[in-house]
A.B. asks: 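One structure coming up, written as structure tokens, with questions to follow.
Just follow the structure's listing: the first ligand is 1, and inside any ligand the first atom is 1. Just so you know, these numbers use all the heavy atoms, side chains as well, and skip hydrogens, waters and symmetry mates.
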Amino acid sequence: MSDKAQLIIEGKTYEFPTIEGSEKEKAIDINSLRDTTGYITIDSGYKNTGATKSAITFLDGEEGILRYRGYSIEELAEKATFLEVAYLLIYGELPTQVEYEAFEDNIRRHTMVNEDMRKIFEGFPVNAHPMGVLSSLVSAMSAFYPDSYDEKAPDSTELHIIRLLAKLPTIATWSFKKSQGHPVNYPKNELDYCSNFLHMMFALPVEDYKVDPVVSKALNKLLILHADHEQNCSTSTVRLVGSSKANIYSSISAGICALWGPLHGGANQEVIEMLEDIKADGGDVAKYVDMAKNAKTSGFRLFGFGHRVYKNFDPRAKIIKKAADEVLSKLGVNDPVLEIAKGLEEAALHDPYFVSRRLYPNVDFYSGIIYRALGIPTNMFTVMFAIGRLPGWIAQWKEMRTNKEPIGRPRQIYTGATPRDFVPMNER
Ligand code: CMC
């Protein structure tokens, strides 16, 4: 594209090149802005700022499109396994049978976690939030693999990637087991990725546990739907932390912390809690829609609604809503909050407040209902999101390193005091 953007400041005209992506998204390249004009840009929440060029995930918020490496989310969720999608995100292509078996086998052989990590884990209180525990233990992994932060060590990134994918589900299940007062389960490597996670979550030493294929299939789909979502808060955090050359474990741990917030991945826990509150309050959906419309005074938002980028249906929410109906009926679960959720969606979609602001259900709106039907407790919902998002974080971290991106370092407009003399304490 040959167009140039013109900017007139203080009567002087400056020209900046424009860039076009493979899906025709356009950007103004302002790399030289400050050097040539003395100005910077202010863009709170980075609503208009492209932080990077990326070949991993494409999303069109106006059309409700999401693709990983060119493949539609609808097709991947229907036809692929989570590890196939992980491979696709991290290495750029769908694996051949041979590549897939090698990848899966490699992950299986790294599912065990150093026993000393368990000692760290045992120090956490029984009611610690599993997201806090997860981010701490992922950060602690760097201590067990010091070559991850040793600049002189031969590059072992590929092995760290395998370790993260293999061990995150193992660590994630510890918090649940502790909350139940049950012993933790070791991984069973004859099981596939999702079945192994379910085994570690739900098997008890006193009886046989058989993984229900309906449950593992549903989990596989949910993890795929969460696997990447371009430059969201947690992913940008992973890239930003990694840009300082921090090791992969610390970078992913930072991403887990960012995901925990209720405006991001933590929304899935908030949604179920909100639906439970509505149920306990007599199920009056209209009352809560009204409260959300007065968000500024009530301070209440409809969790699971709205998205920074989607101004149309979140394609993941469409798939999850359908899956929620299927999974609950296959498992014979009758969860009254599903009806409340549908009522809330219906009411909101016809309300001018939500219509004019283009607020649609997002990925977190129905996911908790499925997780609950699978037996996963509410405080583990965001952990499930983290397990799903891990391949995306890894792929984005790797891309940022491979492309040798500079350290991320935004600027600011200072609005504080101008120079003044120090006042001794006894004169203040
Ligand atoms: N309920 C009521 N009003 C809302 C909501 C909501 N859930 N979301 C946005 N609005 C209103 C907001 O008050 C504002 O109104 P006004 O123009 O009158 O000031 C307008 O819509 C635009 O909102 P915003 O906060 O400027 O939009 P944003 O792009 O900065 O925020 C969001 C996006 C996802 C943080 C926000 O929609 C939200 O807080 N949603 C609830 C939390 C949630 O479900 N988060 C999960 C997001 S999807 C998965 C993920 O990212 O992890």
A.B. asks: Between V271, N294, N362, which one has a non-hydrogen atom sitting closest to atom 47 (C) of ligand 1?
C.D. replies: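 Of the listed residues, N362 has the closest heavy atom.
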A.B. asks: For the pair D43 and K47, find out whether any cationic side-chain nitrogen is under 4.0 Å from an anionic carboxylate oxygen.
C.D. replies: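 No salt bridge links D43 with K47.
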A.B. asks: Specify the protein heavy atom at minimum distance from atom 23 (O) of ligand 1: its residue, its atom name, and the distance to 0.1 Å.
C.D. replies: R301 NH2, 4.1 Å
A.B. asks: Flag yes if more than 12 heavy atoms outside K217 fall under 6.0 Å of its NZ atom; otherwise flag no.
C.D. replies: no
A.B. asks: Restricting to non-hydrogen atoms, name the atom on W174 and the atom on T170 that form the minimum distance, rounded to 0.1 Å.
C.D. replies: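 Answer, listing the atom of W174 first, then T170: CD1-O, 3.3 Å.
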A.B. asks: Any salt bridge between K318 and E74, counting N to O under 4.0 Å?
C.D. replies: no
A.B. asks: If the cut-off is 4.0 Å to any non-hydrogen atom of A267, which atoms of ligand 1 fall inside it?
C.D. replies: 43 (C), 44 (O), 45 (N), 46 (C)
A.B. asks: Compare Y360, F300, F305, Y288 and give the one whose heavy atom is closest to atom 40 (N) of ligand 1.
C.D. replies: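 Among Y360, F300, F305, Y288, the closest heavy atom to atom 40 (N) of ligand 1 belongs to F305.
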A.B. asks: State whether K342 and D325 are salt-bridged, where the test is any N-O pair (Lys NZ or Arg NE/NH1/NH2 against Asp/Glu carboxylate O) under 4.0 Å.
C.D. replies: yes
A.B. asks: Give me the nearest non-hydrogen protein atom to atom 20 (C) of ligand 1 as residue plus atom name, then the distance to 0.1 Å.
C.D. replies: R357 CD, 3.8 Å
A.B. asks: Quick one: nearest non-hydrogen protein atom to atom 11 (C) of ligand 1, plus distance?
C.D. replies: Y353 OH, 3.4 Å
A.B. asks: Could you check, using the six-membered ring where one of them is a Trp, whether F300 and Y288 have ring centers closer than 6.0 angstrom?
C.D. replies: yes
A.B. asks: Starting from atom 51 (O) of ligand 1, what is the nearest protein heavy atom, named by residue and atom, and what distance separates them?
C.D. replies: H264 ND1, 3.1 Å
A.B. asks: Mark yes or no: K178 above the aromatic ring of F121, with NZ or CZ under 6.0 Å from the six-membered ring centre and no more than 45 degrees from the axis.
C.D. replies: yes
A.B. asks: Please list the nearest protein heavy atom to atom 44 (O) of ligand 1 with its residue and the distance rounded to 0.1 Å.
C.D. replies: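 Checking every protein heavy atom, the shortest distance to atom 44 (O) of ligand 1 gives G304 N, 2.8 Å.
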A.B. asks: Closer than 4.0 angstrom, basic N to acidic O: yes or no for K311 and E62?
C.D. replies: no
A.B. asks: Hey, which atoms in ligand 1 end up nearer than 4.0 Å to a heavy atom of K296?
C.D. replies: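 The atoms of ligand 1 under 4.0 Å from a heavy atom of K296 are 16 (P), 18 (O), 19 (O).
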A.B. asks: For G265, counting its heavy atoms only, list the atoms of ligand 1 lying under 4.0 Å from any of them.
C.D. replies: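 So the answer, numbered in order with elements, is 52 (O).
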A.B. asks: Does ligand 1 have an atom under 4.0 Å from some heavy atom of K293?
C.D. replies: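 No, that is not the case, since the closest heavy atom of the residue is not under 4.0 Å from the ligand.
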A.B. asks: In terms of the angle between their ring planes, are F305 and F354 parallel, tilted or perpendicular, with boundaries placed at 30° and 60°?
C.D. replies: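 Rings of F305 and F354: perpendicular, over 60°.
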A.B. asks: Tell me whether E93 at atom CD has more than 12 heavy atoms from other residues, nucleotides or ligands lying less than 6.0 Å away.
C.D. replies: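 No, not enclosed.
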A.B. asks: At what distance is the nearest protein heavy atom to atom 7 (N) of ligand 1, and which residue and atom is it?
C.D. replies: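 For atom 7 (N) of ligand 1, the nearest protein heavy atom is L302 O, 2.8 Å.
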A.B. asks: As an exercise, identify every atom of ligand 1 less than 4.0 angstrom from a heavy atom of F303.
C.D. replies: 42 (C), 44 (O)
A.B. asks: Looking at ligand 1, is there an atom of it that comes within less than 4.0 Å of some heavy atom belonging to N232?
C.D. replies: no
A.B. asks: Indicate whether atom 49 (C) of ligand 1 is within a distance of less than 4.0 angstrom of some protein heavy atom.
C.D. replies: yes
A.B. asks: Check each atom of ligand 1 against the heavy atoms of F385 and keep those under 4.0 Å away; list them by number with element.
C.D. replies: 52 (O)
A.B. asks: For atom 34 (C) of ligand 1, find the nearest protein heavy atom and state the residue, atom name and distance (0.1 Å precision).
C.D. replies: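 Nearest protein contact, heavy atoms only, for atom 34 (C) of ligand 1 is G306 O, 3.7 Å.
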A.B. asks: Compute the minimum heavy-atom distance from F365 to ligand 1 and say whether it is under 4.0 Å.
C.D. replies: no
A.B. asks: Kindly indicate, with the supporting measurements, whether the criterion salt bridge (Lys or Arg N to Asp or Glu O under 4.0 Å) is fulfilled by D290 and K293.
C.D. replies: CA-CA 5 Å; D290 279 346; K293 284 157 68 176; 3.6 Å; yes
A.B. asks: Between E158 and K398, is there a salt bridge with N-O shorter than 4.0 Å?
C.D. replies: yes
A.B. asks: In terms of atom number and element, which parts of ligand 1 are under 4.0 angstrom from non-hydrogen atoms of V363?
C.D. replies: 49 (C)
A.B. asks: Among all protein heavy atoms, pick out the one at the shortest distance from atom 10 (N) of ligand 1; state its residue, atom name and that distance to 0.1 Å.
C.D. replies: L359 CD1, 3.7 Å
A.B. asks: Considering only heavy atoms, does L263 approach ligand 1 within less than 4.0 Å through its side chain, its backbone, both, or neither?
C.D. replies: both
A.B. asks: Any protein heavy atom at under 4.0 Å, with atom 27 (O) of ligand 1 as the reference point?
C.D. replies: no
A.B. asks: For H307 together with F365, are the ring centres under 6.0 Å from each other?
C.D. replies: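 No, too far apart.
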A.B. asks: Measure the distances from the heavy atoms of A292 to every atom of ligand 1 and state whether one is below 4.0 angstrom.
C.D. replies: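 Within the 4.0 Å threshold, so yes.
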A.B. asks: Taking 4.0 angstrom as the limit, do K322 and E326 come out as a salt bridge?
C.D. replies: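 Salt bridge flag = yes for E326 with K322.
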